[in-house]
Amino acid sequence: MRYSKMLIPTLKETPSEAEAVSHVLMIRGGYIRQLAAGLYISLPLFLRVMEKINTIIRQEMSRIGAQELSMPVLHPAEVWQKTGRWEAIGDEMFRLKDRTDRDMCLAMTHEEIMTWLAARELRSYRDLPQMWYQIQTKLRDEARPKSGILRTREFIMKDSYSFDADEEGLKKSYELHAHAYHRIFTRAGLIFYQVESDPGMMGGTTAHEFMAPSEAGEDDIAICGRCGYAANVELAVSVAPVHPTVDMPFEEVHTPDMRTVGEVSQYLKMQPHSFIKSLLLITKDGKPVLALVRGDEELHEKKMQYIIGLYRPAHKDEIVDILGVEAGFIGPVNMKNKEIRVIASTSLKSGLYAGGANKKDYHLKGINPEVHFQAEWHDIRVIHENEKCVICGAPLRIQRVIEIGNIFKLGTKYSVPLNAVYLNKDGAEVPIIMGSYGIGPARVAAAAIEQNHDENGIIWPVAIAPFAVTVLPLNVSDEETAKAADSICSALTAKGIDYLIDDRDIRPGIKFKDADLTGIPFQIVIGAKTLKEGLVEIKNRRTKETTKTAPDEAADFVSNLMIVM
RNA sequence: CGGGGCGUAGCGCAGUCUGGUUAGCGCACCUGCCUUGGGAGCAGGGGGCCGGAGGUUCGAAUCCUCUCGCCCCGACCA
């Protein structure tokens, strides 16, 4: 490919709207342009990267026996109404009406349509298992598109779906996908972790996410360096730091106007971890819940949500109404309202604590959990860096990550409402057991840049680079240079190596800068002086290492380097 | 949806507070000369409804009101 014929609009300056490294470099490198918030144009270079990534995905999906198909992006409402998601999903779904006033929506995912197809075409246990996937556009009216291509309103997703006869089959399909994902992300040159994740509203029991470390990410994971435990912090557990129990009598103490753990602990000259922090929450259906965490802990909103569903903190006057005492003095002992559900952090289970006395200006000391109050015990605390792994005791690390893929066990959440059933050996009608599995190819590209760049630009992993090699004839009007470039390009073509030749009649400095910025892994530099010595240079973009070789050996040389990488 | 910031040439910005010639700078672009191993130099040139609408004023990029867009933090993220 000739540089002069390709649209590669590189930028010397950083566009003001870009923050994330991958975003900046994709714009500067001439990979993408923004049309509107969360809507991007893929320029030729980026399309090549996406094709490389998608090719890897197709190869690995095919390896596990999945079949590619393609589904509409415009859906009738009825299918979504059957699973209840037409109502459950809010503004995030693009909705429209067709000319006959029929409700339609734009695909934000394809569980419904895949299941619809399965319901028509899969009838017997003999048809199972099946794995279907597509690489298709999804549309979501994101509340906040951000970080360039990382969170957009329209994006390509590889989504696959498994259809099995039973849980055993689902387990197998799930594991096949996990293995395929490991191969895909490894081949793409990424550092990544498979972590336990929230099955959440997707339904089902088990879910994992594939996470690529990067500061530009939106999630945090906890990782144990010793035993390999890894989980999204939304459900990560750790050993709570243990503090020796401070002996104290069970008694009320006067704490005038002392409300927060900080204030009371200072006033009573006690450590925050000797306190019970009490928070009154109101669930979606209006029921009060008292959440208890240790004074040195914070309540994890997501973890709490798994237990009680959506909720909000109680307002000040609600606290008085429900508990008969002002915020700051509430606690689990001697509650006026005995009907309240109490959920406590497991770290509070033993020891003696101080907490609100449910009486204005008073706290209680010497509270002995399970003696003085009853509660449901759950892990509801936010975990912190360096807390101990619950499996092996080694310190945990917290890492910011980009979610590049996820896998869900769906079970029958979609097959039952859409009547995707099959006849088993006994002739009984049974719902198909499903799984769904996603990869964001553009996020893979962005994560690759986040993980592979320097002050000069992108450094693509060879497998997903838009071109493996860029040929830089420094002076195209020099005849010898042009001849050497021609023969090197022919040799590269013969070897099946894709290359970009910078045939522009411009100063060498610009070629070097653009080559570094666009991040093609190998540069073959053809300079008039070096050529007189019968040599060209081959530069490794990542290591900056330069090797001189005869022009007719250059293609071989690069080919060998590619194998090593 | 809440909080903050920003809209002036393709890109990056100054000018706005304190209204007043023809709106300016760097890069990019076009022409010519020169130059060819890390975004050169000289000379000449083109390009602006100052996001939009309304208002105040003799006069608005600048002041006021409304509106649209983009970015960041948070909420949300099936």
Side-chain angles (χ1 to χ4, degrees), chain A residues 9-20 23-24 27-28 30 33-40 80 83-93 105 107-112 115 138-148 150-153 155 157 159 197-204 207 209 216-219 232 234 301-302 305 310 312-313 403 406 408 410 413-414 436 438 440 443 455-457 472-478 481-482 502 504-518 523 525-533 535-537 539 544 546 548:
Chain A
T10 57
L11 257 36
K12 200 191 285 194
E13 281 173 294
T14 301
S16 60
E17 79 264 22
E19 192 111 328
H23 190 194
V24 170
I27 294 173
R28 286 198 53 212
R33 286 296 183 262
Q34 183 177 23
L35 174 65
L39 296 174
Y40 285 85
W80 287 81
T83 61
R85 285 165 118 192
W86 181 264
E87 284 78 26
I89 297 171
D91 293 337
E92 208 171 326
M93 183 186 267
C105 66
M108 44 192 306
T109 176
H110 281 83
E111 278 80 13
E112 275 76 3
T115 311
K138 309 280 186 244
L139 293 119
R140 295 181 188 175
D141 197 356
E142 286 285 349
R144 182 148 105 83
K146 58 180 283 198
S147 306
L150 282 178
R151 190 172 197 72
T152 54
R153 294 193 291 178
F155 56 98
M157 182 167 150
D159 48 321
S197 78
D198 167 26
M201 303 286 192
M202 282 296 286
E209 288 163 328
E218 300 183 89
D219 290 284
N232 194 312
E234 291 179 358
E301 291 174 30
K302 274 281 165 65
Q305 224 180 75
L310 284 176
R312 60 172 174 82
E403 182 187 348
N406 53 43
F408 292 97
L410 295 176
K413 182 178 160 97
Y414 298 94
S436 89
R443 284 187 171 187
E455 66 283 359
N456 296 315
L472 307 180
L474 296 185
N475 183 355
V476 288
S477 38
D478 178 69
T481 302
D502 195 341
R504 296 175 296 172
D505 185 14
I506 48 164
R507 305 179 63 79
I510 300 174
K511 295 193 181 189
F512 288 129
K513 289 289 182 193
D514 279 343
D516 287 349
L517 181 59
T518 51
Q523 303 172 5
V525 181
I526 309 172
K529 282 174 202 157
T530 325
L531 197 56
K532 282 212 174 73
E533 302 164 23
L535 296 170
V536 296
E537 285 158 295
K539 184 177 170 186
K544 299 189 170 77
T546 301
K548 290 185 182 174

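Residue numbers start from 1 in every chain, and the chains themselves are labelled A, B, ... in the order their sequence lines are given, proteins ahead of strands.
The CH2-P distance, from Trp86(A) to rA78(B), rounds to 19 Å in whole Å. Between the CD atom of Glu301(A) and the P atom of rG74(B) there is a distance of 13 Å, rounded to whole Å. Per the geometry, CG belonging to Asp198(A) stands 12 Å off P belonging to rC76(B), to the nearest Å. With rounding to whole Å, Asp141(A) atom CG is found 17 Å from rC76(B) atom P. Here rC76(B) presents its C1' atom at 12 Å from CD of Glu234(A), a figure rounded to the nearest Å. The CD-C1' distance, from Glu142(A) to rC72(B), rounds to 16 Å in whole Å. For the pair Asp159(A) CG and rA78(B) C1', the interatomic distance rounds to 13 Å; values are reported in whole Å. Atom OH of Tyr414(A) is separated from atom P of rA78(B) by 10 Å (rounded to the nearest Å).
Evaluated for a side-chain contact (heavy atoms from CB on, under 4.5 Å) with Val476(A), the options Thr481(A), Asp502(A), Asp505(A) yield exactly one hit, Asp505(A).
With hydrogens and angles disregarded, no donor-acceptor distance shorter than 3.5 Å links the side chain of Arg85(A) to the backbone of Trp80(A). Distance alone, capped at 3.5 Å, places no donor-acceptor pair between the Lys511(A) side chain and the Ile506(A) backbone.
On the P atoms, rU67(B) is 27 Å away from rA75(B), given to the nearest whole Å. The same atom, P, is picked in rC27(B) and in rA43(B); the two are 12 Å apart, to the nearest Å. For the P atoms, the distance from rC68(B) to rC76(B) is 25 Å, rounded to whole Å. The separation of rG19(B) from rG12(B), taken at their C1' atoms, amounts to 27 Å, rounded to a whole angstrom. If you take atom C1' in rC11(B) and the same atom in rA28(B), they sit 7 Å apart, rounded to whole Å. One C1' atom belongs to rG69(B), the other to rA53(B), and the distance between them is 15 Å to the nearest Å. rG45(B) and rC50(B) have their P atoms separated by 24 Å, given to the nearest Å. Rounded to whole Å, the P atom of rG47(B) lies 26 Å from the corresponding atom of rG15(B).
Expressed to the nearest 0.5 Å, how far CG of Asp198(A) lies from CD of Glu209(A) amounts to 8.0 Å.
When both distances must be under 3.5 Å, the Watson-Crick or G-U wobble mate of rG46(B) does not exist. Nucleotide rG26(B): paired with rC11(B) (Watson-Crick or G-U wobble, both distances less than 3.5 Å). Taking a pair to require two hydrogen-bonding distances under 3.5 Å in either a Watson-Crick or a G-U wobble arrangement, rC17(B) remains unpaired. rA61(B) is unpaired under the criterion used here, namely a Watson-Crick or G-U wobble arrangement in which both key atom distances are under 3.5 Å. In this structure, rC1(B) and rG74(B) make a Watson-Crick or G-U wobble pair, each of the two defining distances being under 3.5 angstrom.
Between His110(A) and Lys138(A), some side-chain heavy-atom pair lies under the 4.5 Å cut-off.
Residue contacts shown for Arg144(A) include a base, since a base heavy atom lies under 4.0 Å away.
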* **Contact pattern, 5' to 3', of nucleotides 36-46 of chain B - B, S or - by protein heavy atom under 4.0 Å** => BBBBB------
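Heavy-atom minimum distance, Asp514(A) versus Arg504(A): OD2-NH2, 3.0 Å.
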Please tabulate, one pair per line, all N/O donor-acceptor pairs under 3.5 Å involving side-chain atoms of residues 33-40 of chain A, not counting sequence neighbours.
residue: Arg33(A); atom: NH1; partner: Ile27(A); partner atom: O; Å: 2.9
residue: Arg33(A); atom: NH2; partner: Pro9(A); partner atom: O; Å: 2.7
residue: Gln34(A); atom: NE2; partner: Ala36(A); partner atom: O; Å: 3.1
residue: Tyr40(A); atom: OH; partner: His23(A); partner atom: NE2; Å: 3.2

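Not counting sequence neighbours, Lys539(A) has no partner by the salt bridge (charged side-chain N to carboxylate O under 4.0 Å, His left out) test. Here Arg153(A) pairs with Asp141(A) under the salt bridge (charged side-chain N to carboxylate O under 4.0 Å, His left out) rule; sequence neighbours left out. With sequence neighbours left out, the side-chain contact (heavy atoms from CB on, under 4.5 Å) criterion links Ala216(A) to Ala20(A), Leu150(A), Ser214(A), Glu450(A).
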Name the pairs: protein N/O against N/O of nucleotides 69-71 of chain B, kept only if under 3.5 Å.
residue: rC70(B); atom: OP1; partner: Ala37(A); partner atom: N; Å: 2.8
residue: rC70(B); atom: O3'; partner: Gln34(A); partner atom: NE2; Å: 3.4
residue: rC71(B); atom: OP1; partner: Gln34(A); partner atom: NE2; Å: 2.9

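Residue Glu301(A) qualifies as open at atom CD: its count of foreign heavy atoms under 6.0 Å is 12 or below.
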